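Here's the structure, in structure tokens; my notes come after.
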Amino acid sequence: MKIKVKIAQKAAWNNDNTGYESIPLAAGYLKSMAYDNQYIKSNIDIDICNFNGSAETISIIRDMFAEQHVEIACFSMFGWNYNQFANVADTFKQLNPKGWVIFGGTHVTNQATKVFKKYPAVDIIINGEGELTFCEVLLAYLNNKSISELSYIKGISFRNEDREIVTTEPRERIKNLDIIPSPFLTGAIDLTNEEGKFKYDVALIETNRGCPYKCGYCFWGGATGQKIYNFSIERLRAEIELFAKLKVNDICLCDSNFGLTEHDEQFFDILLEAREKYGYPKCIITSWAKNKTQIFSRILKKVKDSRFMTSFSISLQSLSEDVLKNMGRVNMKRDDWKKVAKDLRKDGLDVYGELIWGLPGETPDSFFKGYDIMSEEVTRIAVYPHLLIPNTKYSMNKNQYGIVGWKAGKDDFEYVLKHNTMTFEENCKMHRFIFWARLLAEYSLLRHIWIPIRKIANITQSQVLLNFDNWIDQQSDDTCKMLREYRDEVVKSLDAYRIEDELNYFFKTKKVKEIVNKWWNEEIIKKVPNKYKDFFKELMIYDLLTMPIYGTGTMKISDKSDIQYLDGYPLKKVGNDNYYMLQDVKFEYDIPELEKEINFGEIPEKIEKNIYTTTLYYKVGFSDYIANHEFYNQFVGMFENNIKEHSKELALV
């Protein structure tokens with residue numbers, strides 16, 4: 001009988017509501033590489049065990065070990081699954097004391113002392129890229145080697161017969177990435193469900209490996225080295241064509257700086273070719289290059305011309321020179337990134353910014369200053385709390401910066417509690433702000449008010465959010481009470497990533513829109529010059545009306561016609577997508593045109609009323625993607641001309 005090997009991977013997010021999985025890419029690479037060796041393939045049966053973010057430990061144990069005698073249990077380790085998988089490994093050792101337990105991934109790379117001390121069930125740690133190393137470990141098992149005899153294998157840590165930790169010579173990075181067979185083209189990763197449909201939320205792939213930067217908070221560049229190596233265009237073309245045939249809408253890249261090289265432009269051309277031929281894919285999700293080059297500009301033009309969907313990121317992380325110096329990073333010049341952001345918005349493309357709260361050198365004042373500077377051109381700002389990642393400059397030099405960290409619950413990430421320029425109390429207060437910044441700005445609940453209110457009423461984005469926080473505290477109704485409870489839980493836990501329940505509540509609860517509108521009229525309108533008050537009242541109504549529709553999936557066919565209704569809205573099929581229709585929506589102002597005029601031109605001396613009637617279209621399925629802000633631009637209310645631009649299949653009446 002073949003030796004049974006299990007590779008476990010677990011997603012960071014809970015996808016239970018969507019019915020989709022996350023692609024187990026790391027495990028797929030290991031399996032496809034191992035099966036490229038015929039001796040391994042003939043003697044070892046490898047199963048990928050892919051778990052949702054909500055999977056309980058007992059379910060993982062049952063799925064991996066209940067029905068088969070497993071001899072090697074492998075785990076792809078990240079901060080969100082480290083402790084849970086380690087507990088599963090301990091159970092495996094009780095089931096099979098002679099079995100091998102292998103850990104791999106950036107979270108355990110170079111962490112042998114910590115891992116072996118805390119979890120003695122672990123036998124081998126793979127440091128760095130794992131594909132070649134994994135194959136050699138499997139061959140060693142087939143050749144009846146003991147774990148203490150593996151010192152000839154590069155890139156691993158283990159314990160010898162005296163239980164001393166041995167870490168072997170580092171393995172060189174894989175320069176020719178095509179020696180790793182494609183897990184998609186080889187079938188190492190099963191792509192379809194029983195109905196033959198693509199079974200994952202997005203197509204997750206790498207086009208390259210490496211990062212040219214080495215920021216103090218990040219191990220991306222440190223983990224794989226700073227030089228970028230590419231998968232071949234021919235291989236990528238075959239993978240994208242396979243996804244296109246399976247009608248995959250979204251391509252998500254595991255690349256650090258897409259848009260930096262000519263290879264990236266060639267890959268984008270592949271996406272366009274596939275969409276032209278098959279109608280898919282339609283959207284790319286990626287970490288865009290931190291510094292925008294001529295290559296990025298050319299890709300940008302192709303995005304605009306083709307109306308290919310994406311969200312562009314302006315990833316500054318901080319605008320404080322002290323913070324940037326500490327982390328060893330140089331951002332784009334302010335005028336440059338502002339111009340990029342403004343040009344993106346002018347062309348109707350989605351753009352968001354990224355900032356990290358809690359980096360050494362940052363203070364509340366410097367953070368607010370940077371936040372408001374960024375919001376002048378990038379109003380949708382994702383604010384992430386600083387996590388101490390293993391092997392980073394900050395995790396290895398905590399004393400130098402006065403960093404005090406703590407670990408939250410099941411995760412193994414170390415959250416920053418305080419440091420030399422941030423007190424514990426300041427951290428708590430800032431988490432109040434971050435809660436609203438994420439809920440109201442990052443997740444596009446309010447999109448249209450930010451620039452007009454700053455330019456006309458001289459109120460910054462942070463001032464608006466802080467005002468809402470203060471106003472909520474003064475309210476007594478149940479909806480405001482619930483919002484306060486969600487906020488206070490984030491402050492209490494100091495975990496700004498805990499936002500999914502709040503988002504679901506915000507979008508499902510109709511009273512929330514009334515609350516936001518009430519606050520706007522009571523607090524902000526009074527700060528607006530009299531001649532613009534009516535316009536700003538209407539602007540908020542426009543903002544609230546174009547929020548995504550949560551949806552419950554309740555279908556109904558009208559008794560009087562063949563019109564289908566979903567969640568009470570008429571349903572319209574546009575190409576391959578379903579849209580809710582909100583018909584005959586009337587505004588007292590031509591908001592879209594006025595918004596363009598205010599955002600990109602001079603402030604009008606007077607804003608004339610001009611009745612504007614339209615139909616709004618909302619893509620169905622928003623609740624499935626509610627925790628990922630990069631999908632939001634697909635679900636906000638769009639006008640008829642927007643729908644036409646995004647779909648050539650159907651001209652709407």
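Atoms considered below: every heavy atom in the structure, side chains included; atoms not considered: hydrogens, waters and symmetry mates. Bear in mind the structure is a predicted one, so any value in this text is a computation, not a measurement.
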When you look at Phe296 and Leu300, which way does the side chain to side chain contact (heavy atoms under 4.5 Å, CB included) test go after all the steps?
CA-CA 6 Å; Phe296 170 82; Leu300 172 59; 4.3 Å; yes
Answer with yes or no after comparing the ring centroid distance for Tyr394 and His419 against a 6.0 Å cut-off, counting only values under it.
no
Looking at [Y], does the NZ or CZ of [X] lie under 6.0 angstrom from its six-membered ring centre and within 45 degrees of the ring axis?
X	Y	result
Arg498	Tyr415	no
Lys114	Tyr82	yes
Lys398	Tyr401	no

Under 3.5 Å, side chain of Thr168 to main-chain N/O of Ile153, donor-acceptor pair present?
yes
Taking Trp288 for its side chain and Ser315 for its backbone only, find out whether a donor-acceptor pair lies under 3.5 Å.
no
Indicate yes or no: does Glu241 engage Arg237 in a salt bridge with an N to O separation below 4.0 Å.
no
Is the shortest side-chain N to carboxylate O distance from Glu136 to Lys154 below 4.0 Å?
no
Side chain to side chain contact (heavy atoms under 4.5 Å, CB included), paired with Phe158, selected from Thr167, Ile147, Val137, Ile102
Ile147
Where does the angle between the aromatic ring planes of His629 and Tyr384 fall among parallel (under 30°), tilted (30 to 60°) and perpendicular (over 60°)?
tilted
Parallel, tilted or perpendicular, judged at 30° and 60°: which one describes the rings of Phe85 and Phe75?
tilted
Checking [Y] against [X]: is there a side-chain donor and acceptor pair closer than 3.5 Å?
X	Y	answer
Asn391	Thr106	no
Ser146	Ser148	yes
Thr286	Asp255	no

Please name all residues satisfying salt bridge (Lys or Arg N to Asp or Glu O under 4.0 Å) with Asp123, sequence neighbours left out, ordered by chain then number.
Lys93
Listed by chain and number, what are the salt bridge (Lys or Arg N to Asp or Glu O under 4.0 Å) partners of Arg329, not counting sequence neighbours?
none
Could you work out, with ring pair (Phe, Tyr, Trp, His ring centres under 6.0 Å) as the rule, every residue matching Phe78, not counting sequence neighbours?
Trp80
Return yes when atom CG of Asn399 has more than 12 non-hydrogen atoms of other residues, nucleotides or ligands closer than 6.0 Å, and no otherwise.
no
Interatomic distance, Glu265 atom CD to Ile299 atom CD1 [nearest 0.5 angstrom]:
5.5 Å
